[in-house]
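To start, the structure under review is shown below, and the notes come after it.
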There are 2 protein chains.
Amino acid sequence: MSVNRRTPSSRTRSGSHGPSSRASAPVRRSQAERRQQTRQALLDAALDQLDEGASFDRLSLRRVTRAAGVAPAAFYRYFASMDELGLALVEESVRTLRAMLREAREGGASPERVIERSVAILLAYVRDHRRHFAFLALARSSGNAVLRHTLRNEIRLFASELATDLARFPVLREWTTDDLLMLAGLYVDTMIAAIDSMLDAAASGVPSEGPTPEAEAEIASVTERRLRLIALAIPHWRSGVHASSAA
Amino acid sequence: MSVNRRTPSSRTRSGSHGPSSRASAPVRRSQAERRQQTRQALLDAALDQLDEGASFDRLSLRRVTRAAGVAPAAFYRYFASMDELGLALVEESVRTLRAMLREAREGGASPERVIERSVAILLAYVRDHRRHFAFLALARSSGNAVLRHTLRNEIRLFASELATDLARFPVLREWTTDDLLMLAGLYVDTMIAAIDSMLDAAASGVPSEGPTPEAEAEIASVTERRLRLIALAIPHWRSGVHASSAA
DNA sequence: TGTACATCAGTGAACGCGCGTTCACTGATGTAC
DNA sequence: TGTACATCAGTGAACGCGCGTTCACTGATGTAC
C-alpha cells in the first residue's frame, strides 16, 4: 500500500536507476512511456485491492487513484469508468490464462503424466499470478453484468477448445460432440474448483500471501485424484446412451 | 418493486382479508406479528435486489429499507448492520438447502435412478427457491469475509456428510476416508456448477424469471451425465494407490 | 368494561463522509523553424 | 544549438448525491387496576 502511494514519476526513477549505477542526470522518459506506466499503476492498484479481499463492486475510483498515487481526475485520461478498467483487467487476466493454456498444451504429452503436469502448471500459475486469478474468480460473479458475461463466455470458449483437444485422443474418437463438451466442462469445473481452493487458502493466512506448501500439495493431490477418477471412467462410457434430450 | 413499496401495514391488510370475506373491522395484529412481518419484509427486499443482479456488496441499508417500505432508521430495530442481515439470510437460505438434502436422502434409493432423482430435486429446489440459491452463490464470493467463511464451511460440512452417506454403498466400503472426501467434493462441486448454470440461464432472460424449460432440461442432462460418468469410474478406482501425500 | 400509564415499532430531520464527475489550470515534454 | 509555440498528463478545488448513523418524537398496542 505504501508502495503504491509513490507517485508514478517516483516509481519511474526508483525503478530505472540506482543512485550508484548511473550518474545524477535525471532519467528522461517519453510521454508515451509515462502514460503506459500510469495506466499500469491504476490497473495494479485495482488488482492489489481485489487481492486484499475487496470485491470488484467495492472498488471506488477514488481509492484506486489514491493507491496509484494520482489525482482522481487523472483516472479519466485512461478509462471512461470503472467498468472500462474492469474490462482492461479482464483482457490482462485472460492473457495470463491463455499463456498458461499454451504452456499446458506444449511439451511431450506423456499420457500417464499429463494430469500431474497439467495440475502442476495450473497451480504454479495461480501461485505466480494470484492477482489475475483472484480477479477472474471475482469477476465471474460480480454485480457488473458485462464483466460477468465476458468471463462466462471466455470460460465456455475454453471448454469447447478443450473438447476439440480431447477429440484427438483415441479413446474419445467415438464420442459425440455433446458428450465431449460434457467431459470438457467437467474438467474445466474441476480446474476452477482447484483455483478457488488456492485463492481461498491464500485468503485465510496472511493477506496476499499464497497458501502454505502443505496446503498447496493437498490441493494438488485432491485435484489430481479427481481428474484421474474421471479419466478412469472414459473407457467405460457408451456415448449416446445417456445423450441429452435437447441439442 | 412497487409491490415492496407498500408499507408493512398495508401488506398486512391486503394479505389477511379480502373486502368480501370478512366484515369491515380492521384486522388486529399483535406487535409480535407485525415485528416478524417487517423483519421478513427487510429480508425479502434484500433477496429481491440480489436476485435482480445486485451483488451483496452493492446492497445499501437505505435501498433495502426503501424497498421494504420502511424508514432507514427502522432497520436498526432488527439488525445492527447489513452484515447481520447477511447472516440472517445465510440462516434462511441454509434452511432451504437442508430441506432439499432431507428430501433427497429420503425416498426409495433405487440405485439406478438415484442420480436422476437427485438432479430433479436439486433443479426443482433452485427453480422454486431461486432467491435463496442466488444469495448463497453470491455470498460464497462476496467481499464480506464472515459471510464467505460461513458459507464455505457450510459447503465443506455438506461434503463430509455426503462422504458419510457414500461410505454405506458396498462398492465404496473399501475406500479410504480421504478418497471418499475427494469423491464427495467432486459430486458437490458438480452440483454447485449445476446451480450456477440455472442461475446464469435465469439471469440472461427476463430478470427474476427462471430458465426456459428447454434450458433447464439441458442443464439436467449435462449434470446427470457428469454424475453418471463419475459413478462409472468408482468400481475401477484402487483406493490408496493415488493417495494424498498430506492427509 | 373503562381508564391511566408503559412499551416500543416506526418516523423524519439532521449530520458528516466518501463518492463520481466537471473544470480551468500548470508545467513538463515534444516539435517546428 | 536556441527559441517560440503546441500538446497533453496530471492537479486541486468544487459540485451535488446517496450513504450510514443519531436523535427526539409519535402514536398504536399492550397492561394493570
Side-chain angles (χ1 to χ4, degrees), chain A residues 1 4-13 16 25-46 49 54-86 143-144, chain B residues 1 4-13 16 25-46 49 54-86 143-144:
Chain A
M1 38 203 309
N4 287 321
R5 289 195 155 275
R6 292 182 290 176
T7 63
S9 56
S10 73
R11 283 171 83 100
T12 299
R13 287 205 195 90
S16 60
V27 174
R28 289 302 211 88
R29 298 232 154 231
S30 74
Q31 268 193 343
E33 282 172 320
R34 305 192 74 231
R35 215 185 128 73
Q36 170 52 27
Q37 264 176 352
T38 304
R39 192 185 127 97
Q40 197 56 51
L42 289 169
L43 293 172
D44 284 344
Q49 286 179 45
S55 70
F56 186 78
D57 298 313
R58 271 191 190 176
L59 286 192
S60 83
L61 182 150
R62 277 177 180 270
R63 288 206 299 158
V64 167
T65 53
R66 211 179 300 136
V70 125
F75 184 89
Y76 296 100
R77 296 261 177 220
Y78 299 92
F79 306 103
S81 63
M82 284 297 292
D83 286 10
E84 214 174 81
L85 177 139
N144 184 312
Chain B
M1 39 203 308
N4 287 322
R5 288 193 154 278
R6 291 183 291 177
T7 62
S9 56
S10 73
R11 280 172 84 101
T12 300
R13 286 204 195 89
S16 60
V27 173
R28 288 303 210 88
R29 299 230 154 232
S30 74
Q31 268 194 341
E33 280 171 322
R34 304 191 76 231
R35 215 185 129 73
Q36 170 53 24
Q37 264 175 352
T38 304
R39 192 185 127 97
Q40 196 56 50
L42 290 170
L43 293 173
D44 284 345
Q49 287 179 44
S55 70
F56 186 77
D57 299 312
R58 271 191 189 174
L59 287 192
S60 82
L61 182 151
R62 277 177 179 271
R63 289 207 297 158
V64 168
T65 52
R66 212 179 299 136
V70 123
F75 184 90
Y76 296 101
R77 295 262 177 219
Y78 300 93
F79 307 104
S81 64
M82 284 297 292
D83 285 10
E84 213 174 82
L85 178 137
N144 184 312

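From a predicted model like this one, the values you see are computed outputs, not experimental measurements. Just so we're on the same page: letters track the sequence lines, and every chain starts at 1.
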Exercise: identify the closest heavy-atom pair between A:Ala45 and A:Ala68: CB-N, 4.0 Å
Can you check the B:Arg34 CZ to D:dA28 P distance for me, whole Å? 10 Å
Calculate the interatomic distance between A:Gln31 atom CD and D:dA6 atom P; express it in whole Å. 16 Å
C:dG10 phosphate, OP1 or OP2, under 4.0 Å from B:Thr38 side-chain N/O: yes
A:Glu33 CD to C:dA28 C1', straight-line distance once rounded to whole Å: 15 Å
Sequence neighbours excluded - side-chain hydrogen bond (donor to acceptor under 3.5 Å, both in side chains) pairs with any residue from residues 69-79 of chain A: none
Can you give one letter per nucleotide of nucleotides 17-23 of chain C, going 5' to 3': B for a protein heavy atom under 4.0 Å from the base, S for sugar-phosphate only, - for none? --BBBBB
Any chance you could encode DNA chain D as dot-bracket? Rule is Watson-Crick or G-U wobble with both distances under 3.5 Å; [ ] for pairs crossing earlier ones, | for another strand. .||||||||||||||||||||||||||||||||
Looking only at heavy atoms, the pair that brings B:Thr38 and B:Val70 closest together is CG2-CG2, 4.0 Å
Would you say that B:Val64 contacts B:Met82 through its side chain, given a criterion of any heavy-atom pair below 4.5 Å between the two side chains? yes
Can you name the residues that form a side-chain contact (heavy atoms from CB on, under 4.5 Å) with B:Gln40, not counting sequence neighbours? B:Gln36, B:Leu43, B:Asp44, B:Glu92
If you round to the nearest 0.5 Å, how far is CD of B:Glu33 from CD of B:Gln37? 7.0 Å
Looking at A:Gln49 and A:Arg63, would you say the former's side chain and the latter's main chain have a donor-acceptor pair under 3.5 Å? yes
Taking the nucleotide of DNA chain D with the nearest heavy atom to each, does A:Ala71 or B:Ala32 sit closer to the 5' end? A:Ala71
Here the distance between atom C1' of D:dA28 and atom CZ of B:Arg77, to the nearest Å, is 13 Å
A:Arg35 CZ to D:dC8 P, in whole Å, measures 9 Å
Residues B:Ala46 and B:Leu59: closest non-hydrogen pair is CB-CD1, 3.9 Å
Mind listing the N/O atom pairs, protein and nucleotides 31-33 of chain C, below 3.5 Å?
none

I want to check something: taking the side chain as every heavy atom from C-beta on, are A:Arg62 and A:Phe75 in contact at a cut-off of under 4.5 Å? no
For B:Arg58, which residues count as a salt bridge (charged side-chain N to carboxylate O under 4.0 Å, His left out) partner, sequence neighbours excluded? A:Asp57
